[in-house]
Amino acid sequence: MSPDAPRCTLPAERRLRQSGDFARVKATGRRIVLGCLIVNWTERPAGEASRLGVVTSKKVGPAVVRNRARRLLREAFRLNRHSFGRSVDLVLVARRSIATKSRQQVETDLLRALTQAKLL
């Protein structure tokens with residue numbers, strides 16, 4: 001990778017990491033269930049970057065399946081984070097059906113949910 005190439009990662013400042021942040025989004029935010037995921041979100045002050053948190057329970061499957069689900073959800077967010085109309089804290093919860101989905105199917109479910117929530 002050349003030094004001038006843009007980084008294609010989701011940096012730490014774009015992630016929800018503390019349990020209090022997850023609890024706040026769940027308690028005070030809004031929620032949509034669609035396809036292979038549940039979307040919880042709450043508004044952030046204008047000018048701040050949107051942040052993502054991902055939850056995968058053991059009901060989704062063994063560790064390999066849960067890790068894949070987390071990667072798919074983070075990648076779908078990363079590819080579309082510039083399309084957000086406003087800043088939000090977003091918590092994505094994987095459902096069991098994500099185990100059989102491709103990256104494109106997960107991204108489609110996420111985009112449909114975000115459109116329904118009027119976040120795009």
Side-chain angles (χ1 to χ4, degrees):
M1 187 164 112
S2 74
D4 297 332
R7 295 192 64 195
C8 295
T9 62
L10 188 61
E13 61 269 8
R14 291 292 195 118
R15 295 184 191 184
L16 292 175
R17 303 188 79 131
Q18 297 179 348
S19 62
D21 290 335
F22 283 87
R24 180 183 48 80
V25 171
K26 185 175 180 183
T28 64
R30 299 185 59 203
R31 171 184 162 140
I32 288 183
V33 179
L34 197 138
C36 65
L37 54 96
I38 300 170
V39 179
N40 296 291
W41 77 94
T42 177
E43 300 269 338
R44 291 196 63 165
E48 292 188 16
S50 293
R51 298 186 301 171
L52 173 71
V54 177
V55 177
T56 54
S57 75
K58 288 188 177 183
K59 291 179 183 179
V60 172
V64 172
V65 174
R66 293 194 308 270
N67 288 334
R68 179 178 179 270
R70 281 191 286 272
R71 284 195 311 273
L72 290 173
L73 291 170
R74 279 195 306 263
E75 181 68 1
F77 172 80
R78 187 189 67 78
L79 291 173
N80 296 288
R81 69 181 178 214
H82 301 294
S83 302
F84 280 73
R86 52 194 156 162
S87 266
V88 293
D89 279 344
L90 191 69
V91 175
L92 302 177
V93 181
R95 299 176 76 196
R96 286 182 187 162
S97 62
I98 200 168
T100 59
K101 301 269 185 168
S102 69
R103 188 194 60 79
Q104 292 83 10
Q105 291 169 320
V106 172
E107 187 173 357
T108 299
D109 283 352
L110 177 62
L111 290 174
R112 284 183 27 222
L114 294 174
T115 301
Q116 186 176 336
K118 297 182 175 99
L119 293 175
L120 293 182

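Computed from a predicted model, the values in this text were never measured in an experiment. FYI, side chains are in, hydrogens and waters are out, and symmetry mates aren't considered; it's all heavy atoms of this structure. For the single chain, residues carry numbers from 1 onward in sequence order.
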| Considering residues, nucleotides and ligands other than Arg15, do more than 12 of their heavy atoms fall under 6.0 Å from its CZ? | yes

Report task. For the residue pair Leu52 and Arg81, establish whether any side-chain heavy-atom pair is separated by less than 4.5 Å. Result -> no

Output for pair (Leu79 CG, Leu111 CG), nearest 0.5 Å, gives 9.5 Å

For Gln104, I'd like to know if atom CD has over 12 heavy atoms of other residues, nucleotides or ligands within 6.0 Å. yes

Validation row: Leu73, Ile98 side chains within 4.5 angstrom (heavy atoms)
yes

Q. Are the side chain of Arg86 and the backbone N or O of Ala46 linked by a donor-acceptor pair below 3.5 Å?
A. no

Next on the checklist: Tell me whether Asp21 contacts the main-chain N or O of Leu16 through its side chain, where contact means a donor paired with an acceptor under 3.5 Å.
Outcome noted: no

Item to check | Joint hydrophobic cluster, Phe84 plus Val91, side-chain heavy atoms closer than 4.5 Å | outcome: no

Rounding to 0.5 Å, atoms CD (Glu43) and OG1 (Thr28) come to a distance of 10.5 Å

Q. With the 4.5 Å side-chain cut-off for hydrophobic clustering, are Val33 and Val25 part of the same group?
A. yes

Taken to the nearest 0.5 Å, the spacing of Ser50 OG from His82 NE2 works out to 10.5 Å

Flag the pair Val39 / Leu90 as yes when at least one side-chain heavy-atom distance between them is below 4.5 Å, and no otherwise.
yes

Point to revise | Any Arg24 side-chain heavy atom under 4.5 Å of Thr42 side chain | key: yes

Query raised in the report: Is it true that Glu107 and Arg103 make a salt bridge, defined as a side-chain N closer than 4.0 Å to a carboxylate O?
Result: yes

One should read off an interatomic distance between Leu34 CG and Thr115 OG1, to the nearest 0.5 angstrom, of 10.0 Å

query = Just by distance, do the side chain of Arg95 and the backbone of Ile38 share a donor-acceptor pair under 3.5 Å?
reply = no

Here the gap from Leu110 atom CG to Cys36 atom SG, rounded to the nearest 0.5 Å, amounts to 8.5 Å

With Leu10 as partner, the option from Glu75, Arg74, Arg51 fulfilling side-chain contact (heavy atoms from CB on, under 4.5 Å) is Arg74

Minimum side-chain heavy-atom gap Trp41-Leu114 below 4.5 Å: no

**Asked** Sub-3.5 Å donor-acceptor pair from the side chain of Arg14 to the main-chain atoms of Ala49, do we have one?
**Response** no

CG of Leu120 to CG of Asn80, rounded to nearest 0.5 Å, is 7.0 Å

Exercise for the section: Indicate, with yes or no, if Val54 and Phe77 share a hydrophobic cluster defined by side-chain heavy-atom contacts under 4.5 Å among Ile, Leu, Val, Met, Phe, Trp and Tyr. Expected result: yes

Between Val55 and Val60, is there a shared hydrophobic cluster once you connect ILVMFWY residues whose side-chain heavy atoms come closer than 4.5 Å?
-> no

On a heavy-atom basis, the closest approach of Ile32 and Ala113 is CD1-O, 3.8 Å

